[in-house]
Novice: 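Pasting a structure below so you can have a look.
Values below: every heavy atom of this structure, side chains too, minus hydrogens, waters and symmetry copies.
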Amino acid sequence: MNMRLPVVLLALASSLPALQAREGLNLFAWSEYVPQKVLDGFTAETGIEVNYETFSSNEEMVSKLVAGDGDYDVIQPSDYTAEALIKQGLLAPLDLAALHNLGNIDPAYRHLPYDPEDRYTVPYMSGTVGIVVNTAVVHTRIRSFGDVFQPRFSGRIVVLNDNREIVSWALAYLGLPTNEINAKSLAAARPVITRWLKYVKVFDSDSPKTPLLNGDVDIGVVWSGEAAILWNQDHKFRYILPSESVHRFIDLLAVPVGSRHRAAAHRFIDYVLRPEVSKLISDEFPYTNPNGAARRLLSPAQLANPASYPKGGNLETFRDVGRAASDIDQLMTDIKSAQ
């Protein structure tokens, strides 16, 4: 009998966590959205290193995913993008039995149109797109997109660098449906967008709060989580839901069909669903938390943040518009190149 065999087996067994950590879990998510504390906590518990690669738009994420430029295990699409990925067969069905903490999600965020059976996605964070005003500088009343894009604010505006968003603002301003994209609606939006973009100083989807904090701009159309951070820094930064309509988004966690580490992916998603872990996300990135159990752990001040949990507004959620998405991109490319 080879007495060395148990020793060899023990050595191999002791090395498994290290091998697993080196192999890692590949997360492709929005920038400034996943706290390092969450990643470190997951690694400390499981031994699985998380390789966190970021994107700044859904379109960038889809482009890399479809092109096969990344080997991703967990991705973070928004609602309408997940809907498109499901239609294209690019998301793997989730093993719901492995998601023990799924019941923590508020029922209001379950069984929504982009994934009615909750087969492919789990809510991560939600939010709105609204207007931030530095009230120490801007003293006029701002209520709408039309109020923002004015000559008097030329060179003092930051907006999201997101084609679908910008087009939706123009459509809402014109009283047109934001989810019905066609040649006629885009033709109507073109002159509005052309005029508006002349007043914009900064296009930034990663950290639009930064030029506002630095005083480089005085007004912006930004993600609500960015506005919430501004409010926490200084209450002079007021968050306003546009009177025309308000885009409510839900960012999700999903597993692409090409994932090579699906068990690890499910462990990560289930870890994020824990109330105490989800609270860490709200602490650092104060969007609207769809995790009801985590929300109960938030402080009164967090829940009172007018950007994190705004009241009112004509809320609309984006839907997949199919091939019209490329028409949106072409329109925005044409307008920007002509500026």
Novice: Kindly determine whether Asn291 and Asn104 satisfy side chain to side chain donor-acceptor pair (under 3.5 Å), including the steps that lead there.
Specialist: CA-CA 6 Å; Asn291 188 317; Asn104 292 328; 4.7 Å; no

Novice: Look up atom CZ in Phe268 and atom CG in Asn26, then write down how far apart they are to the nearest 0.5 Å.
Specialist: 11.5 Å

Novice: Evaluate the side-chain proximity of Pro290 to Asp106: yes if any heavy-atom separation is below 4.5 Å, no if none is.
Specialist: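 No; the side chains remain at least 4.5 Å from each other.
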
Novice: So, Phe145 versus Tyr173, ring centres under 6.0 angstrom or not?
Specialist: no

Novice: Looking at CH2 of Trp169 and CG of Asp162, how far apart are the two atoms once the value is rounded to the nearest 0.5 Å?
Specialist: 7.5 Å

Novice: Distance under 6.0 Å and angle within 45° of the ring axis: does Lys336 meet both against Phe203?
Specialist: yes

Novice: Salt bridge (charged side-chain N to carboxylate O under 4.0 Å, His left out) for Lys279 and Asp283? Distances and angles first, verdict last.
Specialist: CA-CA 6 Å; Lys279 179 183 180 296; Asp283 289 344; 3.0 Å; yes

Novice: Is the distance between the ring centroids of Phe153 and Tyr199 under 6.0 Å?
Specialist: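 No, ring centres 6.0 Å or more apart.
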
Novice: Are the side chain of Thr81 and the backbone of Asn58 linked by a donor-acceptor contact shorter than 3.5 Å?
Specialist: no

Novice: Can you check whether Pro151's main-chain N or O pairs, donor with acceptor, with Ser154's side chain at less than 3.5 Å?
Specialist: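 Not at all, since once roles are kept as given, no pair shorter than 3.5 Å links the two residues.
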
Novice: Taking the side chain as everything from C-beta on, heavy atoms only, tell me whether Val246 gets closer than 4.5 Å to Asn314.
Specialist: no

Novice: Only one of Tyr33, Tyr309, Tyr124, Trp30 forms a ring pair (Phe, Tyr, Trp, His ring centres under 6.0 Å) with Tyr287, so which one is it?
Specialist: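 In the set Tyr33, Tyr309, Tyr124, Trp30, the residue that makes a ring pair (Phe, Tyr, Trp, His ring centres under 6.0 Å) with Tyr287 is Tyr33.
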
Novice: Treating Glu60 as the side-chain partner and Ser56 as the backbone partner, does any N or O pair qualify as donor plus acceptor under 3.5 Å?
Specialist: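 Present.
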
Novice: Are any of the side-chain heavy atoms of Pro286 and Ser308 separated by less than 4.5 Å?
Specialist: yes

Novice: Could you go step by step and tell me if Val34 and Ile281 meet the side-chain contact (heavy atoms from CB on, under 4.5 Å) rule?
Specialist: CA-CA 7 Å; Val34 184; Ile281 301 170; over 6 Å; no

Novice: If you take all heavy atoms of Arg262 and Ala92, which pair is closest and at what distance?
Specialist: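 Taking Arg262 first and Ala92 second, the nearest heavy atoms are NH1-CB, 3.6 Å.
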
Novice: Does CZ in Arg152 sit with more than 12 non-hydrogen atoms of other residues, nucleotides or ligands closer than 6.0 Å?
Specialist: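 Result for CZ/Arg152: enclosed.
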
Novice: Does the Asp327 side chain pair with the main chain of Leu331, one donor and one acceptor, at a distance under 3.5 Å?
Specialist: no

Novice: I need the single residue from Ser205, Pro208, Ser207 that forms a side-chain contact (heavy atoms from CB on, under 4.5 Å) with Val222. Which is it?
Specialist: Pro208

Novice: Checking side chain to side chain donor-acceptor pair (under 3.5 Å) for the pair Asp147/Ser144: CA distance, chi angles, key distance, verdict?
Specialist: CA-CA 5 Å; Asp147 293 337; Ser144 67; 3.3 Å; yes

Novice: Using the side-chain contact (heavy atoms from CB on, under 4.5 Å) rule, take Leu160 and Ile166 through it: C-alpha gap first, then chi angles, then the decisive distance, then the call.
Specialist: CA-CA 8 Å; Leu160 300 174; Ile166 294 172; 5.9 Å; no

Novice: Indicate if Leu174 and Leu186 have the same hydrophobic cluster label, given that clusters are the connected sets of ILVMFWY residues with side-chain heavy-atom separations under 4.5 angstrom.
Specialist: yes

Novice: Applying the side-chain contact (heavy atoms from CB on, under 4.5 Å) test to Ile75, which of Val255, Leu91, Thr121 qualifies?
Specialist: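 That would be Leu91.
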
Novice: Which class fits the ring pair His247 and Phe318: parallel under 30°, tilted 30 to 60°, perpendicular over 60°?
Specialist: parallel

Novice: Keeping the roles fixed (side chain from Ser78, backbone from Ile250), state whether a donor-acceptor pair exists under 3.5 Å.
Specialist: no

Novice: Roughly how far, to the nearest 0.5 Å, is the CD1 atom of Ile269 from the NE2 atom of His266?
Specialist: 6.0 Å

Novice: Walk me through whether Leu253 and Gln76 qualify under side-chain contact (heavy atoms from CB on, under 4.5 Å).
Specialist: CA-CA 5 Å; Leu253 296 175; Gln76 202 176 57; 4.0 Å; yes

Novice: Would you compute the distance between atom CD of Glu117 and atom CG of Leu112 and round it to the nearest 0.5 angstrom?
Specialist: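 Atom-to-atom, Glu117:CD and Leu112:CG are 13.0 Å apart.
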
Novice: Hey, does Ile229 have a side-chain heavy atom less than 4.5 Å from the side chain of Lys209?
Specialist: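 Yes, their side chains come closer than 4.5 Å.
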
Novice: Are Val129 and Trp231 connected in a single hydrophobic cluster, I mean Ile/Leu/Val/Met/Phe/Trp/Tyr linked by side-chain heavy atoms less than 4.5 Å apart?
Specialist: no

Novice: Answer yes or no: is there a side-chain heavy-atom contact under 4.5 Å between Leu298 and Leu303?
Specialist: yes

Novice: Quick check against the 3.5 Å criterion: does Ser63 have a side-chain atom that pairs as donor or acceptor with the backbone of Glu59?
Specialist: no

Novice: Atom CG in Leu280, atom CZ in Phe285: separation rounded to 0.5 Å?
Specialist: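 Interatomic distance, Leu280 CG to Phe285 CZ, rounded to 0.5 Å: 11.0 Å.
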
Novice: Are Leu252 and Leu315 co-members of a hydrophobic cluster defined by side-chain heavy atoms under 4.5 Å apart?
Specialist: no

Novice: Do Leu197 and Ile335 come within less than 4.5 Å of each other through their side chains, counting heavy atoms only?
Specialist: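 Yes - at least one pair of side-chain heavy atoms lies under 4.5 Å apart.
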
Novice: Does atom CZ of Arg143 have more than 12 heavy-atom neighbours from other groups under 6.0 Å away?
Specialist: no

Novice: Is the count of non-hydrogen atoms from other residues, nucleotides or ligands lying under 6.0 Å from Lys87 atom NZ greater than 12?
Specialist: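 More than 12 heavy atoms, drawn from other residues, nucleotides or ligands, come within 6.0 Å of this atom.
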
Novice: Quick one, Met125 with Ser282, criterion side-chain contact (heavy atoms from CB on, under 4.5 Å). Give me CA distance, side-chain angles, the key distance, then yes/no.
Specialist: CA-CA 9 Å; Met125 283 285 154; Ser282 285; 3.7 Å; yes

Novice: So, does His261 use its side chain to make a donor-acceptor pair with the main chain of Asp73 at under 3.5 Å?
Specialist: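 No; zero donor-acceptor contacts below 3.5 Å.
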
Novice: Could you walk me through whether Arg274 and Glu45 pass salt bridge (charged side-chain N to carboxylate O under 4.0 Å, His left out), step by step?
Specialist: CA-CA 13 Å; Arg274 293 181 189 175; Glu45 180 174 314; 2.6 Å; yes

Novice: Please examine the side chains of Val137 and Asn134, heavy atoms only from C-beta on, and report whether any two atoms are closer than 4.5 Å.
Specialist: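 Yes; the side chains approach each other to less than 4.5 Å.
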
Novice: Should the ring pair Phe28 and Tyr72 be called parallel, tilted or perpendicular, given that the plane angle runs from 0 to 90° and is split at 30 and 60?
Specialist: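 Taking Tyr72 first and then Phe28, their aromatic rings lie parallel (interplane angle under 30°).
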
Novice: Identify whether NZ of Lys or CZ of Arg in Arg164 sits under 6.0 Å from the centre of the six-membered ring of Tyr80 and within 45° of that ring's axis.
Specialist: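 Flagged: Arg164 positioned over aromatic ring of Tyr80.
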
Novice: Hey, what do you get for CG (Asn182) to CD (Glu180), rounding to the nearest 0.5 Å?
Specialist: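 Between atom CG of Asn182 and atom CD of Glu180 there are 7.5 Å.
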
Novice: Examine distances only and state if a side-chain atom of Arg238 and a backbone atom of Thr135 form a donor-acceptor pair shorter than 3.5 Å.
Specialist: no

Novice: With side chains defined as the heavy atoms from C-beta onward, is the minimum distance between Asp216 and Val202 less than 4.5 Å?
Specialist: no

Novice: I'd like to know if the side chain of Asn101 and the backbone of Asp270 have a donor-acceptor N/O pair within less than 3.5 Å.
Specialist: yes

Novice: Let's go through Lys64 and Glu53 carefully: what are the C-alpha distance in whole Å and the side-chain angles of both, what is the deciding distance for salt bridge (charged side-chain N to carboxylate O under 4.0 Å, His left out) to 0.1 Å, and is it a yes or a no?
Specialist: CA-CA 11 Å; Lys64 287 192 175 183; Glu53 182 180 340; 3.4 Å; yes

Novice: How far apart are the C-alpha atoms of Asp79 and Thr317, what are their side-chain angles, what is the distance that settles it, and do they pass the side chain to side chain donor-acceptor pair (under 3.5 Å) test?
Specialist: CA-CA 8 Å; Asp79 35 35; Thr317 301; 4.8 Å; no

Novice: Run the numbers on Arg319 and Glu83 for salt bridge (charged side-chain N to carboxylate O under 4.0 Å, His left out), then give the verdict.
Specialist: CA-CA 7 Å; Arg319 299 297 305 272; Glu83 182 180 8; 2.7 Å; yes

Novice: For the pair Arg295 (side chain) and Asn289 (backbone), establish whether a donor and an acceptor sit closer than 3.5 Å, ignoring hydrogens and angles.
Specialist: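 It does hold such a pair.
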
